[in-house]
Amino acid sequence: MSVDTLTIPTQRAETSRISEVDFNNLQFGKTFSDHMFMVDYKDGAWQEPQVVPYGNMSLSPATSSLHYGQALFEGMKAYKDKNGDILLFRPLANLQRLNKSAERLCMPELPEDLFMQGLEQLLKLDKDWVPTQEGSSLYIRPVMFATDDYIGVRASLTYRFLIITCPVGKYYDKPVKVAVEPHYVRSAEGGAGYAKAAGNYAAALLPSRKMQEKGYDQLIWTDAKEHKYVEESGTMNVMFVIDDVLVTPSLSTSILHGVTRDSVLQVAKDLGYKVEERKVAVDEVIEAQKAGKLKEAFGTGTAAIISQIALIHHDGTDYELPAVEGREISNRVAEELNKIRTGQAPDTHNWVHKVSL
Ligand code: COI
């Protein structure tokens with residue numbers, strides 16, 4: 001390994017693994033780029049960051065995040081424009097949410113310059129890993145976790161922050177079937193549902209598996225008090241088009257503050273569609289379907305961007321939704337968002353950050 005003179009001390013991988021990758025058949029989250037960014041927190045401060053070859057880490061069996069889940073992550077994407085420049089989509093919005101999650105989980109704030117420098121340098125080094133195939137991108141996974149080797153319950157005094165990246169294709173290859181969850185909850189008001197806390201995802205696994213055993217791909221989470229209002233769908237925020245209005249549950253402490261959610265709402269408004277953020281009752285959605293007024297339903301998240309819902313199961317009945325091809329709002333918004341992210345449409349909200357190569 002050689003150490004070179006990039007801003008952040010960098011150990012380059014001796015050989016790249018890129019020739020082993022079939023960029024036309026990328027499975028989400030399985031292929032990792034050559035390098036990762038890493039910085040440790042101790043003695044009340046972030047230490048010197050470094051970029052190193054992607055690889056295993058050695059941890060104490062007492063590492064506190066393994067025991068008590070003091071861990072968070074983020075998800076964001078980078079694209080190549082037609083000139084080969086690398087465009088990061090809304091990195092500062094992700095950093096803002098990362099720091100909100102950190103606050104909720106009693107973890108230290110990550111400074112903007114550290115985050116942006118780390119991203120820039122990592123992407124500069126692994127620029128060839130950003131795919132250009134239609135529908136592909138480089139998924140970027142920042143993650144922060146407690147590293148004290150101490151099994152007493154308290155906020156850790158030490159942390160590690162990493163950024164790893166993986167070239168990805170589509171997250172779902174077809175519209176999903178979802179079922180309204182009548183029993184389990186993802187988060188209650190006052191919980192950590194708005195944060196990207198690792199434990200939120202662990203607790204969602206069993207309910208999701210149970211729904212999958214019944215033949216559904218994902219579930220629709222409902223509120224913790226009454227199971228009456230829609231919260232999210234699977235690992236995504238959820239939206240509906242009822243009577244030509246784009247409707248989505250308003251943000252609360254139990255709903256993830258999705259960056260894609262925010263981007264979809266903004267683009268829909270920019271395109272002239274009516275948007276409502278409010279409580280959405282399950283009954284309202286089902287009644288709208290019965291009356292032929294439910295035109296569209298979809299999840300929004302960084303991984304899938306827009307994941308179309310083909311069918312909603314509720315209380316013993318499957319409700320089919322209109323064909324995806326005819327869904328005007330989600331298709332138009334997805335197309336417009338894709339153009340913005342890849343530099344083919346004006347970036348009127350300053351969402352795109354060009355990496356200086
Ligand atoms: C996202 O879609 O943004 C997610 O967080 C899903 C991820 C857990 C794979």
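Numbering of residues begins at 1 and proceeds along the displayed sequence. Counting convention: from 1, in listed order, for ligands and their atoms alike.
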Looking only at N/O atoms, are [X] and ligand 1 under 3.5 Å apart anywhere?
X      : result
Ala303 : yes
Tyr171 : no
Lys196 : yes

Exercise. Atoms of ligand 1 less than 4.0 Å from Thr235 heavy atoms?
Worked result: 6 (C)
Exercise. Short list, please: which atoms of ligand 1 are under 4.0 Å from a heavy atom of Thr302?
Worked result: 1 (C), 2 (O), 3 (O)
For this session: Please report which non-hydrogen protein atom sits nearest to atom 8 (C) of ligand 1, along with the residue it belongs to and the distance in Å to one decimal place.
Result: Tyr201 CE2, 3.8 Å
Exercise. When you measure from atom 7 (C) of ligand 1 to each heavy atom in Arg141, Met236, Glu74, which option holds the nearest one?
Worked result: Arg141
For this session: Using a strict cut-off of less than 4.0 Å between a Lys/Arg side-chain nitrogen and an Asp/Glu carboxylate oxygen, indicate whether Lys274 and Asp244 qualify as a salt bridge.
Result: no
Problem set entry | Glu232 and Arg186 ion-paired at < 4.0 Å | yes
Exercise. Does CG in Asp173 sit with more than 12 non-hydrogen atoms of other residues, nucleotides or ligands closer than 6.0 Å?
Worked result: no
For this session: Check Val130 against Tyr79 and note the closest heavy-atom contact, atom names and distance.
Result: CG1-C, 3.8 Å
Exercise. For Tyr273 and Arg332, does a side-chain donor sit closer than 3.5 Å to a side-chain acceptor?
Worked result: yes
For this session: Give the intermediate values and the outcome of side-chain contact (heavy atoms from CB on, under 4.5 Å) for residues Trp351 and Arg341.
Result: CA-CA 8 Å; Trp351 285 343; Arg341 292 188 317 240; over 6 Å; no
